[in-house]
Amino acid sequence: MPVSNSTDREMSAEPDTESTGEGLPINELFYSLQGEGTLAGVPSIFIRTSGCNLRCWFCDSYHTSWEPTHAWMDLDAILDEIESHDADHIVLTGGEPLLHDASVALLEELDERGYHTTVETNGTIHRDAPIDLASISPKLASSTPTPERDPRSEVPAESRNGEPQSQGAANQGDGEWEQRHEANRIDMAALAALVEDYTFQLKFVVTDADDMPEILDLLADLREAADVPIRDDDVLLMPEGATRDRLAETRTRVADLAMEHGFRYTPRLHVDLWNDAPET
Ligand SMILES: C[S@@+](CC[C@H](N)C(=O)[O-])C[C@H]1O[C@@H](n2cnc3c(N)ncnc32)[C@H](O)[C@@H]1O
Ligand SMILES: Nc1nc2[nH]cc(C(=O)O)c2c(=O)[nH]1
Ligand code: SF4
Ligand SMILES: [Mg+2]
């Protein structure tokens with residue numbers, strides 16, 4: 001079972017403005033197995049920053065995007081906690097880790113110390129930092145939080161009087177993030193700069209075959225925009241699902257799509273193993 005010593009970390013909804021040193025808003029810091037991508041199965045230390053410039057309706061890290069919570073940690077404290085685990089692979093994720101200037105300083109320090117660094121990013125922001133693997137997950141139209149898919153529109157299990165509510169009665173999300181997400185989810189210049197500057201994987205969250213035309217169009221545009229080759233082997237299809245039950249609905253059809261198109265399939269080991277519990 002993954003390991004964390006975050007019990008003593010005081011979570012705060014607001015960033016600590018008193019902090020003087022360079023630091024980051026940390027939502028989780030834990031030791032587990034890399035669950036996704038070409039390094040799936042590698043024991044790794046995860047640093048999950050809080051805050052994101054997008055709002056995928058399916059975000060499996062709800063408390064880094066929709067309702068961010070974090071403890072503000074100076075880089076030295078982050079590095080000390082990393083050193084308390086015995087692993088040489090680091091995954092910097094979020095939220096969107098490349099939102100934060102201090103992510104560059106952290107990556108530089110980790111590089112100095114000889115760690116292998118993977119950055120999990122939505123591909124909307126390019127940073128110049130020592131990144132060993134840019135794990136780029138561009139967000140497709142199927143990620144956009146339409147009012148019907150806004151996670152705050154979840155039909156509550158029960159209403160106050162104990163009767164299940166009909167969908168219509170649910171307090172629909174007001175969809176303000178639909179426009180913002182849609183406007184920002186793809187930045188071709190940032191994607192081209194990321195694939196040109198780093199060893200990368202392009203990891204698409206796929207719900208069903210309807211996602212494929214957009215993936216193929218995006219790949220064609222990116223192959224046009226970037227001056228490095230993008231092999232089919234660099235493209236991973238990952239089933240949408242933050243629970244075993246949801247993955248059971250999506251994984252087989254996504255595996256079929258990977259075989260049909262000659263792309264790699266990636267599992268979500270942490271969901272298979274631990275149902276994506278916190279700190280796994
Ligand atoms: C929470 S995101 C954080 C990093 C970055 N914001 C991004 O989206 O790539 C971590 C990874 O989980 C994926 N992800 C998030 N929610 C998911 C879901 N419900 N099903 C499958 N993958 C999901 C993202 O695409 C990304 O590869
Ligand atoms: N075990 C595990 N592997 C992961 N790979 C990418 C993750 C992420 O949240 O970025 C993740 C995660 O949350 N857990
Ligand atoms: S970009 Fe990543 S962190 Fe942001 S909402 Fe989407 S999945 Fe969540
Ligand atoms: Mg995750």
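In each ligand, atom 1 is the first atom listed, and ligand 1 is the first ligand listed. Numbering of residues begins at 1 and proceeds along the displayed sequence.
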Fill in: Parallel, tilted or perpendicular: rings of Trp66 and Trp177 (30°, 60°)
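Correct class here is perpendicular.
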Worksheet item: Which residue pairs pass the salt bridge (Lys or Arg N to Asp or Glu O under 4.0 Å) test when at least one of the two sits in residues 228-243, sequence neighbours left out?
Response: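 Salt bridge (Lys or Arg N to Asp or Glu O under 4.0 Å) check on residues 228-243 returns Arg223-Asp232, Arg231-Asp234, Asp233-Arg264, Glu240-Arg246.
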Discussion item. Under the rule for side chain to side chain donor-acceptor pair (under 3.5 Å), what residues qualify as partners of Ser44, not counting sequence neighbours?
Written reply: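 Partners of Ser44 by the side chain to side chain donor-acceptor pair (under 3.5 Å) criterion come out as none, since no residue qualifies.
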Discussion item. Using a 6.0 Å cut-off, check whether atom CD of Glu224 has over 12 heavy atoms from anything other than its own residue.
Written reply: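 No, because the 6.0 Å sphere around CD of Glu224 holds 12 heavy atoms or fewer from other groups.
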Practice prompt. State plainly whether the residues Arg180 and Glu176 are in salt-bridge range, i.e. N to O under 4.0 Å.
Written response: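 No.
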Worksheet item: Is any side-chain N of the basic residue among Arg244 and Asp276 closer than 4.0 Å to the acidic one's carboxylate O?
Response: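 No salt bridge links Arg244 with Asp276.
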Worksheet entry | First-shell residues of ligand 2 [heavy atom, distance under 4.0 Å] |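 Residues near ligand 2: Ser32, Leu33, Gln34, Gly35, Glu36, Phe46, Arg48, Thr93, Glu120, His270, Thr280.
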Worksheet item: Which atoms of ligand 3 sit under 4.0 Å from any heavy atom of Gly95?
Response: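 By the 4.0 Å cutoff, the relevant atoms are 3 (S).
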Worksheet item: Mind checking whether His181 and Ser143 have side chains closer than 4.5 Å, heavy atoms only?
Response: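 Answer yes - side chains close enough.
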Item to complete: Would you indicate whether the side-chain heavy atoms of Asp132 and Thr118 approach each other to under 4.5 Å?
Response: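 No; the side chains remain at least 4.5 Å from each other.
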Discussion item. Please give me the protein atoms (N, O or S only) lying under 2.8 Å from atom 6 (Fe) of ligand 3, ordered by chain and number.
Written reply: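 The answer is Cys56 SG.
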Discussion item. Between Ser137 and Glu120, is there a side-chain donor-acceptor contact under 3.5 Å, judged purely by atom types and distance?
Written reply: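 No donor-acceptor contact under 3.5 Å links the two side chains.
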Item to complete: For the pair Arg48 (side chain) and Leu29 (backbone), establish whether a donor and an acceptor sit closer than 3.5 Å, ignoring hydrogens and angles.
Response: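 It does not hold such a pair.
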